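Just so you know, these numbers come straight off a predicted model, no measurement behind them. In the text below, chain A, chain B and the rest are named by the order of the sequence lines, each starting its count at 1.
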Amino acid sequence: MSRRPVDPNQSFPALEEQILGRWRERDVFRESVRRRQDAKPWVFYEGPPTANGRPGSHHVLSRAFKDIFPRFQTMRGRLVERKGGWDTHGLPVEIAVEKQLGLSSKAEIEAYGIAEFNQRCRDSVFEFLEDWNALTERIAYWVDLDDAYRTLDPSYVEQVWGAIRQINDKGLLYEGHRVVPYCPRCGTALSSHEVAQGYQDVVDTSAYVRFPVVDPGDSALQPGDALLAWTTTPWTLVANAALAVHPELEYVRVRVTGRPRSEAIPKGDAAPAEPEVVVLAKALLDRVIPTTKPGPENAPVPSGVEYEVLETLTGAQLTGARYTPPFGYIAPEDWGPRGNTILPADFVTADDGTGVVHTAIAFGADDYALGTEAGLTIQNPVGLDGRYDERITDYAGQKVKDVDDQLVEDLRRSGALWLGKPYEHSYPHCWRCGTALLYYAKPSWYIATSKIRDRLVAANEQVTWHPEHVKEGRFGKWLQGNVDWALSRERYWGTPLPVWRCDDEGCDHLHCVGTFDEIQELSGQELPDPHRPYVDELTFACRQEGCSGTMRRVPEVIDVWFDSGSMPFAQRGQTLQETQAAGRWPADYICEAQDQTRGWFYSLLAIATLLQQPDAPDADGTVRATPTTVRALPATPHEGAATAVDRELAGVDAPAGAERRAVDGDTAPGDGDGSGGTATLTASGTALNPTPPFRDVVCLGLILDEHGQKMSKSKGNIVVPWDVIDRYGADAFRWYFFTSKQPWDGYRFSTDAIGEGVRLFLRTLWNTYGFLVMYENAAADSRASTADEGLGDESPSALMDRWIRSRLSATTTEVTERLEAFDVTFAGRAIASFVDDLSNWYVRRSRRRFWEGDPAALATLRECLLTVSQLLAPFTPFVADEIYDNLDGTEPSVHLTDWPAAGPRDLELEAAMETARETVQLGLGARGQSKLKVRQPLHEAVVVAADRERVAIERLSDIVRDELNVHELRFVDNADELGSYEIKPNYRTLGRRFGKAMPQVAEAVAGLDPARAAATVRAGGTVGITIDGADHELSEDDLLLRMEPLEGYQLEREGSHAVALELQIDDALRREGLAREVVHAIQAARKAAGLEITDRIRLTLDGAEELLASAREHEAYVTGETLAVEVEYGRVGAQHHSADVEEQELRVGVLKA
RNA sequence: GGGCGAUUAGCUCAGUCGGUUAGAGCGCUUCUCUGAUAAGGAAGAGGUCCCUGGUUCGAAUCCAGGAUCGCCCA
């Protein structure tokens, strides 16, 4: 048997390229799945990336983690299908294409043509597909890319439609009017996920504005009192509909003399100068009207203003008063009966502003909710283009954000302005185009997820998160605060919302289509492509009785997160139920970065939970749940109209009668937690907890650069994955991610950090493997002996073999358990620790046996490396496969083998070795202190150890003697001859027993005679102490013994365990030491002569007489060590090697024999 | 502003149930071993365990508040 020679300087990247070729040739990935065809599936879902950008290092991270567990489970015997996937729709794609085409508005896109535009989008989403595929293969992420799902495929889109239809048939789809973050440039609402990416610090003009009371109504206000309200969006003042106060907050009526100076509007005082009465929250008085000294940073500057508090009122005493709005563009009566009055609202706080909140119901979520609750009529003077309409006569056609300052100036002129000042804050902007977002009430399509909030929470309960805290923390909290899913986007490149609306205004019938067949049947037309604009062309006659309208598709497409959240079934072209029946749902494992918490992790969970809801009894595709039917119902502040809808929806699921009342009871307004309106479905008979779509999820952290900065293109601190791969290889890249730290903590990443891992682990492993191959090839005889030979033997070599096998078993068990628990870090570190033991203890201690071709040693090392190659296969698939292939090769790849089972362990031997190694460590420490080289043999080492320790060290005494280079090991039971004991109290046992009295115990222990106390407890006796007059007995466990060294001995100690060296060297020892020096010199000469390790030599020695004499005396040793077939003294040839041994000269001649 | 997480040696990270003198690797200094190894071993230098307060006989560890950093949200 001959193995491929191993190059110690093997380039890993080059090796990996070779192995990739082998995998392709042997079709290893496919074969690994094929072989498990009949096995129980272990389900993995690939969260689809978009391929319209180049993959980066963070993608290597997630792909490494997506790879490792499927590989492991495949070896464990499971069928792990790995279907790749691509996310292909969405606004980012559109924006990129818009830039390419130089388009900047929706009107321009439509002029360009939706068909052509979408074609461009379709082309662009696979622009970097080749890069992705190449990187994926190169880092050994085994995933089926040939059969990858794509969210734009008709079969995929159809299943997304099916899911929406199912959700509709459960009564959970509705069209709502709600305030959404809206980009006037892109012309669409943004999801919270998108908004989050666009916060920027900006300076806006903020204004404190007077709202003079004209009719106090039932309130305690006086006509002419001016409420002060604060806004950072003056452009919304033109649409002021009401003022909001908290009913329980304290407000004050204040008589003010003098005027604050306005920083933003420096054109003069904001007149009039007479004393006036203003009203605001008591708690904010000092910040809004500071009179004496400058207030906190954001407070207006005082300018001789003085005030007198006339009266303190609660918010409730203010409500009902009617006031004059600052602008007259919209008549108060247009808002309805409660327009331009003071309304109570729980969301008002005294944290900032004035405690009186200007409410523009079309431009804020709280505002809208309040408006709905108060029955105000919506008036929205701002168009979808972000410009005022003709109602705002002076500013019609202007962009709202542009006229903030002019509006404030108008207020100053009219006397309504109390104070204007610049205000710096973080405000959301469109994450792609940078336009400031408007919060804007508009119709939009929603899924009533807040209604199933408790079911989402229950599903999450069954998920195991890694790290654990995400479950109750970030993700759990997010579910608790669930709001309805804003599903629609008024865009082009996405899955079209499959809802058709009757164009007869009086009818307004809505139908949700669930399949392509259905729409083709209804319309009698072919659907060539489910995307816009083709799908928009399919229309059909309204089915409503007496209606002659035409059903046309609504213009919206859907949120891309709904696409990706549908992947468990849509990727298979099946419904969720079919997928479940096929055993491919739920997933055993998914993995993405933490930023997916509210992205993919949520969309998967939400869709799965939604689809497990029961159908409404009369489900026929009609969209019934529209907010138009429920407008007058009250709502809680934070969820606005959606909550009102929920109440209506609750009736759909609840069968009838009593249970329905129960649901209504649950949703009574004002139940205080801000989530009222969430009806639990357990009330409607679906008591079983929903199944979550994934069982285990690993949540990866972010990759930071070496300075802890987030990597970004703009900072230029991106680590390009190919650089790492070309330099260190994919195994090293993966190994770094797996073992350097817990993956969710994030990485401080640099190319150098990876190099360290290579040197410490991969190189060590590689050298150990190379070592084995070298000696296997060198051993002349074929090895018939089995690895089991000598087991049970107490010889040092048998003990070493048994020890490393036991360690191997321990490692196998540990790695298996950790990987089953999704803990890569400690699994990897266990392997690293084993490889370290293997290389730096087993191999080092067994070198001579390898040299001699000991079959047991070769077999043991081979077995260890083979098992390591299997354990390592999921981590570093290349090097693992190379080792396996060369050492065994029975299967075409290590990745086709079954996961190794752990062998027996010998715990006693493992512990004994531990002790022996500690003893060696102590002895070497003593050596170091003594300044005597280890090459110089010594007579004796004295080891202080008793009982088990002594037995352990004795058992392995050959090893200890050899490591310390001493002739004898002498044991002493106690330290009397070497040092004295020190005793200390064991806080762990005594602390529990004595508690508060512990300091006295410590004192009492310190007062004991250490030698006698130690002797007593070691003999199994007890020692008495007296605390507060009470006697207590201390046993061996209660005292910790420590060695104190005695003068004159070279001693190292650790706990109760010590090693002393006898330092006297007689002539015989000295000559023995010199003989070793001579051997050392000869070996150096051999190496210098470039001889192979197996070459025999003719040896000649000359030089100092003492050295030659020492060599003569130990000639058998010298020639044996150096493979000399003959040796001659006193003469060397011209070709010789000179060495200096303790300042004496030695000349060495070596000739190949 | 809120939520979540982090903070331990120059750097990267461990640290179990609260327990004696807080560890490892890298890097640095000195020594040492070696016919697999750019490796190994020993010693040394290097610590306000982010800060403050609390609980406790005892806190890196538990609690509260704060600081800084990161992420998510507003």
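- Residues satisfying the side-chain hydrogen bond (donor to acceptor under 3.5 Å, both in side chains) criterion with R845(A), sequence neighbours excluded, are D962(A), E963(A).
- Among the nucleotides C26(B), A36(B), C17(B), the one closest to any side-chain atom of Y775(A) is A36(B).
- Side-chain contact between F363(A) and Y440(A) is present, with heavy atoms from C-beta onward closer than 4.5 Å.
- With rounding to whole Å, Q742(A) atom CD is found 17 Å from G70(B) atom C1'.
- When the P atom is compared between G41(B) and G58(B), the two are found 40 Å apart, to the nearest whole Å.
- The closest side-chain donor-acceptor pair between D484(A) and S450(A) falls under 3.5 angstrom.
- Residue contacts shown for G770(A) are absent, as no nucleic acid heavy atom lies under 4.0 Å away.
- Minimum atom distance to the side chain of K996(A) is reached by C57(B), of the listed C57(B), C33(B), U37(B).
- Residue contacts shown for T989(A) are absent, as no nucleic acid heavy atom lies under 4.0 Å away.
- Of the side-chain N and O atoms in Y987(A), none sit less than 4.0 angstrom from OP1 or OP2 of C57(B).
- Residues passing the side chain to side chain contact (heavy atoms under 4.5 Å, CB included) test with Y987(A), sequence neighbours excluded: P985(A), M998(A), A1002(A).
- As judged by a 4.0 angstrom heavy-atom cut-off over every strand, L1091(A) is placed among the base-contacting residues.
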Nucleotide-resolved protein contact map, nucleotides 1-6 of chain B, B/S/- at heavy-atom distance under 4.0 Å = --BBS-
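- Residues satisfying the ring pair (Phe, Tyr, Trp, His ring centres under 6.0 Å) criterion with H246(A), sequence neighbours excluded, are absent altogether.
- Comparing G19(B), U34(B), A42(B) by their closest approach to the side chain of R988(A) singles out G19(B).
- Across C26(B), A42(B), C33(B), the shortest atom-to-atom separation from the side chain of V934(A) is found for C33(B).
- Counting any heavy atom pair closer than 4.0 Å across all strands shown, P8(A) reaches no nucleic acid atom.
- On the P atoms, A22(B) is 23 Å away from U12(B), given to the nearest whole Å.
- As a whole-Å value, the separation of K741(A) NZ from G70(B) C1' is 11 Å.
- The CG-C1' distance, from L964(A) to C33(B), rounds to 13 Å in whole Å.
- Here A36(B) presents its P atom at 6 Å from CZ of R847(A), a figure rounded to the nearest Å.
- Comparing the P positions of U61(B) and U16(B) gives an interatomic distance of 11 Å, to the nearest angstrom.
- Rounded to whole Å, the separation between the P atoms of A36(B) and A43(B) comes to 25 Å.
- To the nearest whole angstrom, the two C1' atoms, one in U52(B) and one in G15(B), are 24 Å apart.
- Only the C1' atoms considered, A59(B) is 14 Å distant from C17(B), to the nearest whole Å.
- Residues meeting the ring pair (Phe, Tyr, Trp, His ring centres under 6.0 Å) test with F850(A), sequence neighbours left out: F771(A).
- Every residue meeting the side-chain hydrogen bond (donor to acceptor under 3.5 Å, both in side chains) condition with T231(A), not counting sequence neighbours, appears here in chain and number order: T233(A).
- Listed by chain and residue number, W735(A) satisfy the ring pair (Phe, Tyr, Trp, His ring centres under 6.0 Å) test with F761(A) (two or more places apart in sequence, or in another chain).
- Residue E1077(A) is the one, among E1077(A) and T768(A), whose nearest nucleotide of RNA chain B lies closer to the 5' end (criterion: closest heavy atom).
- The CG atom of L861(A) sits 15 Å away from the P atom of U37(B) (whole-angstrom rounding).
- As a whole-Å value, the separation of R844(A) CZ from U37(B) P is 14 Å.
- Across all strands, Q594(A) comes closer than 4.0 Å to no nucleic acid atom at all (heavy-atom distances).
- When only modelled atom types and interatomic distance are considered, Y775(A) and D854(A) share no side-chain donor-acceptor pair under 3.5 Å.
- Within residues 831-841 of chain A, the residues having any heavy atom closer than 4.0 Å to RNA chain B are, in order of number, S839(A), N840(A).
- Among residues two or more places apart in sequence or in another chain, the side-chain hydrogen bond (donor to acceptor under 3.5 Å, both in side chains) test is passed with R848(A) by E1121(A).
- H1080(A) is linked by a ring pair (Phe, Tyr, Trp, His ring centres under 6.0 Å) to nothing, counting only residues two or more places apart in sequence or in another chain.
- Residue-level contact check: R1076(A) touches the backbone only, with heavy atoms under 4.0 Å from sugar-phosphate atoms and none from bases.
- For U48(B) and C11(B), the P atoms lie 12 Å apart once the distance is rounded to whole Å.
- For R829(A), the listed nucleotide lying nearest its side chain is C13(B); candidates were C71(B), C13(B), A36(B).
- Rounded to an integer number of Å, the gap from L1039(A) CG to G19(B) C1' is 15 Å.
- Of the C1' atoms belonging to U8(B) and G25(B), the separation is 15 Å, rounded to the nearest Å.
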Kindly list each side-chain donor-acceptor pair under 3.5 angstrom involving residues 828-838 of chain A, sequence neighbours excluded, with atom names and distances?
| residue | atom | partner | partner atom | Å |
| --- | --- | --- | --- | --- |
| R829(A) | NE | T739(A) | O | 3.0 |
| R829(A) | NH2 | T739(A) | O | 3.2 |
| R829(A) | NH2 | S740(A) | O | 3.1 |
| D836(A) | OD1 | N840(A) | ND2 | 2.8 |
| D837(A) | OD1 | R917(A) | NH1 | 3.1 |
| D837(A) | OD2 | R807(A) | NE | 2.7 |
| D837(A) | OD2 | R807(A) | NH2 | 2.9 |

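- The side chain of F826(A) has A14(B) as its nearest neighbour among C71(B), A14(B), A36(B).
- Contact annotation: the side chain of W766(A) approaches that of E882(A) to within less than 4.5 Å [non-hydrogen atoms, C-beta and beyond].
- If you take CG of N965(A) and P of U34(B), they are 9 Å apart, rounded to a whole angstrom.
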Which dot-bracket string fits RNA chain B when only Watson-Crick or G-U wobble pairs with both atom distances under 3.5 Å count, crossing pairs get [ ], and | stands for a partner on a different strand?
-> (((((((..((((.....[...)))).(((((.......))))).....(((((..]....)))))))))))).
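- Among the atoms of the strands shown, base atoms are found under 4.0 Å from some heavy atom of V843(A).
- Looking only at side-chain heavy atoms (C-beta outward), V868(A) and L765(A) come within less than 4.5 Å of each other.
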